[in-house]
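Residues take their numbers from the sequence shown, with the count starting at 1.
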Amino acid sequence: MKISQIGLEILLLLFAGTGLFTYLTILIYKRSREISYILGFGALFIWTIAGGWLITIDRLTLMRGMKFGLHYYGYFEKLFPVYLDLDYFLAILYYFVFLFVIQITILFSFKKRKQESPVQNRPIFVQHWKFQLLSLFAVAMSFLTIYDTFRDASVHGKSLYITIHSTENIFFSLHQLLNQVALLSLIIGFLVFLSGKKGILFVGKSGKVIMFLYLFLMILVEVYLTIIGNKHEMFFGIIFGFLFYIGNAGKNFSLSRLGLFIIIVAVPMTFTDLVRGNPVNKFFSNIGEVSIVVPNSGHNEKEDELTKKYGLFPGFNGKRNPVITKVGSILFSNELFCSHMSMYGVLKNNVPITYGTSFIYLAESLIPKPIYNNRSPDIYQYYSEKVNAAPGQGYTINHATGWYLNFGIVGIIIGAMILGLLWRYALIIRATGSTLKSRFLRIFCFVFLIGLTAFIPTLIRAGPECYKSLIFEGILIPVMIIFIASCKNVPKLNGPMNNDVKISS
């Protein structure tokens with residue numbers, strides 16, 4: 001098999017860039033000892049570079065990746081084909097520039113002198129019944145906002161997820177926010193419970209009844225989110241909860257308790273892709289029939305047509321193991337490719353720079369729709385139109401691509417510096433927040449870094465406009481949830497505490 005020179009250069013760029021990115025990630029962790037950076041950089045890499053590795057290797061091996069479950073080839077028709085050419089080399093290079101500037105910005109913002117540990121205030125007491133009642137109210141209101149859509153999908157045998165996202169609903173944004181409140185209230189409360197009576201910032205009374213109520217409500221909310229196909233809230237919740245528990249438990253960290261939380265949230269999340277495209281009535285009548293569409297285990301004429309059309313190889317006749325393709329199709333989700341391909345599409349189609357339209361959209365979005373509904377298109381809408389993306393489906397744009405479309409290469413650097421400074425500042429204010437007297441500010445300082453990191457998988461798949469969602473959804477919503485459930489002072493804690501509930505460590 002002959003490897004083209006540009007294909008080899010792209011592969012070498014991926015090796016060198018990934019190596020430097022890994023080195024800088026380790027260096028930042030050593031200086032900060034902050035697990036948030038490890039998780040955040042992992043998310044940045046997955047939705048920015050990982051797709052490049054898969055596409056490059058797949059192309060160099062004449063698309064043999066379909067044997068292992070890769071199934072992104074439909075995007076060659078819906079978006080554009082990807083070739084190993086100069087534009088693809090530049091796309092990956094720009095992505096690495098974006099990542100490196102973020103890391104270098106964080107590194108240069110660290111002070112050389114060792115910071116003193118601030119004096120800790122008394123922990124904030126939270127009431128678990130408030131978390132639970134807030135979650136129950138939110139999920140009930142969420143269901144009411146889509147009741148008509150739910151009924152329509154059930155009667156006509158439609159996919160609930162597709163129906164919700166394709167039907168005009170003035171309460172859709174509210175529906176999304178309520179879903180996040182419903183799950184996040186339970187996650188935060190449950191993790192305060194698991195942190196025990198020695199929680200650094202948050203403590204609360206609890207017993208076996210409270211624990212079982214949390215488990216019951218979490219199952220209820222997650223089944224609801226799985227049925228409607230919402231994975232964003234659960235993915236955000238896993239990262240947010242992981243960092244919240246580590247930060248609040250401190251030295252009392254228990255791997256088994258953290259594992260229990262991850263299993264409770266992660267297992268239902270894996271089923272969302274399996275039910276998104278299935279009719280809701282079929283899901284209820286025979287859940288065992290739910291399956292994911294994967295490449296066939298034998299010859300496929302449609303795949304032959306695509307491979308011939310885009311010059312990959314003259315046809316694929318190899319047998320495929322159905323188990324391997326099913327597992328691979330889940331591991332190699334198409335989410336890895338949409339965002340990654342965006343920079344290549346912009347360069348290949350010579351899409352003009354907009355010179356700041358994202359910020360015009362941001363300014364207009366602050367005005368309520370009933371007052372001003374004629375908003376300018378956001379950068380994603382501009383991108384999808386210019387690359388002639390097939391209408392009626394949701395694609396994503398990489399954050400670096402969004403900045404590039406606004407201000408070119410300078411935009412990539414500016415966007416990376418803003419994210420890097422914000423991320424570093426979040427760590428600084430968390431370190432000083434424990435000394436503040438204001439309950440609201442103490443909660444905000446603790447949540448800022450956690451919310452920002454947990455929101456990065458969403459931020460990296462959107463343009464600069466996503467900072468509005470970061471502020472409201474990623475930071476202010478969890479802050480307000482905790483503030484509502486908290487009390488000014490820690491009362492005398494009579495009765496069993498969290499650590500009295502036996503969960504093996």
Side-chain angles (χ1 to χ4, degrees), residues 121-145 174-222 224-225 233-234 236-237 240-241 243-245 247-249 257 260-261 264-265 433 436-448 450-451 454 472-501:
N121 283 324
R122 294 186 66 189
I124 298 171
F125 182 80
V126 297
Q127 295 174 306
H128 291 292
W129 68 267
K130 290 184 179 180
F131 284 123
Q132 295 166 352
L133 187 61
L134 182 59
S135 175
L136 198 58
F137 172 78
V139 74
M141 293 301 296
S142 170
F143 179 73
L144 287 176
T145 61
L174 177 62
H175 163 73
Q176 296 287 79
L177 292 177
L178 288 169
N179 290 337
Q180 186 161 354
V181 170
L183 183 61
L184 207 55
S185 297
L186 296 176
I187 286 176
I188 294 172
F190 186 59
L191 289 172
V192 172
F193 177 91
L194 294 182
S195 297
K197 60 185 178 182
K198 295 182 180 180
I200 295 174
L201 191 62
F202 305 106
V203 295
K205 290 184 178 181
S206 63
K208 290 183 178 180
V209 174
I210 300 299
M211 181 181 71
F212 289 127
L213 278 174
Y214 271 124
L215 294 176
F216 170 76
L217 289 173
M218 288 185 78
I219 292 172
L220 175 68
V221 171
E222 288 177 12
Y224 170 70
L225 293 177
E233 292 84 1
M234 287 186 265
F236 175 86
F240 186 95
L243 297 174
F244 182 92
Y245 176 71
N248 193 49
R257 295 187 178 201
L260 172 65
F261 157 73
I264 291 173
V265 182
L436 300 175
K437 294 183 178 181
S438 169
R439 181 164 46 105
F440 181 85
L441 289 179
R442 288 181 65 194
I443 296 171
F444 178 84
C445 291
F446 182 78
V447 168
F448 191 10
I450 297 174
F472 287 100
E473 298 177 29
I475 299 173
L476 289 183
I477 284 181
V479 168
M480 291 307 301
I481 289 172
I482 300 173
F483 185 74
I484 291 171
S486 64
C487 297
K488 291 183 179 180
N489 301 308
V490 180
K492 186 177 181 181
L493 299 175
N494 297 320
M497 288 298 298
N498 301 31
N499 286 358
D500 296 328
V501 180

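Between Phe236 and Leu183, the closest side-chain pair of non-hydrogen atoms is not below 4.5 Å. Residues Val221 and Glu233 form no side-chain contact, since every pair of their non-hydrogen atoms from C-beta on lies 4.5 Å or further apart. Residues Ile443 and Ile124 are in side-chain contact: their nearest non-hydrogen atoms beyond the backbone lie under 4.5 Å apart. In this structure, Ile210 and Gln132 have side chains that are in contact, with non-hydrogen atoms separated by less than 4.5 Å. Counting heavy atoms from C-beta outward, Val126 and Val203 have side chains that stay 4.5 Å or more apart. For the pair Met234/Val265, a side-chain contact is recorded, criterion being any heavy-atom separation below 4.5 Å from C-beta on. Considering only heavy atoms from C-beta on, Pro123 stays 4.5 Å or farther from Leu201 through its side chain. In this structure the side chain of Ile484 never reaches within 4.5 angstrom of the side chain of Phe131, judged on heavy atoms.
Residues Ala138 and Val181 share a closest heavy-atom pair of CB-CG1, 3.9 Å. Here the closest non-hydrogen pair linking Ala249 and Ile200 is C-CD1, 4.3 Å.
Judged by distance alone, with hydrogens and angles left aside, the side-chain atoms of Asn248 form no donor-acceptor pair with the main-chain N or O of Ser195 at under 3.5 Å. Under a 3.5 Å cut-off, the side chain of Ser185 and the backbone N or O of Ala182 do not form any donor-acceptor pair.
Residues passing the ring pair (Phe, Tyr, Trp, His ring centres under 6.0 Å) test with Phe261: none are found, sequence neighbours excluded. In this structure, the ring pair (Phe, Tyr, Trp, His ring centres under 6.0 Å) partners of Phe440, at least two apart in sequence or on a different chain, are Phe483. The side-chain hydrogen bond (donor to acceptor under 3.5 Å, both in side chains) check on Tyr214 picks up His128, with sequence neighbours excluded.
Here the OG atom belonging to Ser135 is positioned 16.0 Å from the NZ atom belonging to Lys130, to the nearest 0.5 angstrom. Once rounded to the nearest 0.5 Å, the distance linking CG of Asn179 with CG of Leu174 reads 9.5 Å. In this structure, CG in Leu260 is found 10.0 Å from OH in Tyr245, a value given to the nearest 0.5 Å. With rounding to the nearest 0.5 Å, the separation of CZ in Phe444 from CE in Met480 is 12.0 Å. A distance of 9.0 Å separates CG in Leu186 from CG in Leu184, rounded to the nearest 0.5 Å. Taken from CG in Leu136 to CH2 in Trp129, the straight-line distance is 13.0 Å, to the nearest 0.5 Å.
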Query raised in the report: Under the side chain to side chain contact (heavy atoms under 4.5 Å, CB included) criterion, do Phe190 and Ile264 qualify, and how do the steps go?
Result: CA-CA 11 Å; Phe190 186 59; Ile264 291 173; 4.0 Å; yes

Query raised in the report: Given the rule in the side chain to side chain contact (heavy atoms under 4.5 Å, CB included) test, do His175 and Phe143 qualify, once you have shown the distances and angles that lead to the verdict?
Result: CA-CA 8 Å; His175 163 73; Phe143 179 73; over 6 Å; no

Requested in this report: Dump the intermediate steps for side chain to side chain contact (heavy atoms under 4.5 Å, CB included) on Ile188 and Phe240, then the final yes or no.
Outcome: CA-CA 9 Å; Ile188 294 172; Phe240 186 95; 3.8 Å; yes

**Report entry** Leu178 and Val139: CA distance, side-chain angles, deciding distance, side chain to side chain contact (heavy atoms under 4.5 Å, CB included) verdict
**Finding:** CA-CA 7 Å; Leu178 288 169; Val139 74; over 6 Å; no

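Using cut-offs of 30° and 60° for the angle between ring planes, the Phe244 and Phe202 rings count as parallel.
Annotation: Phe212 is not in aromatic contact with Phe216 [ring centroid separation under 6.0 Å not met].
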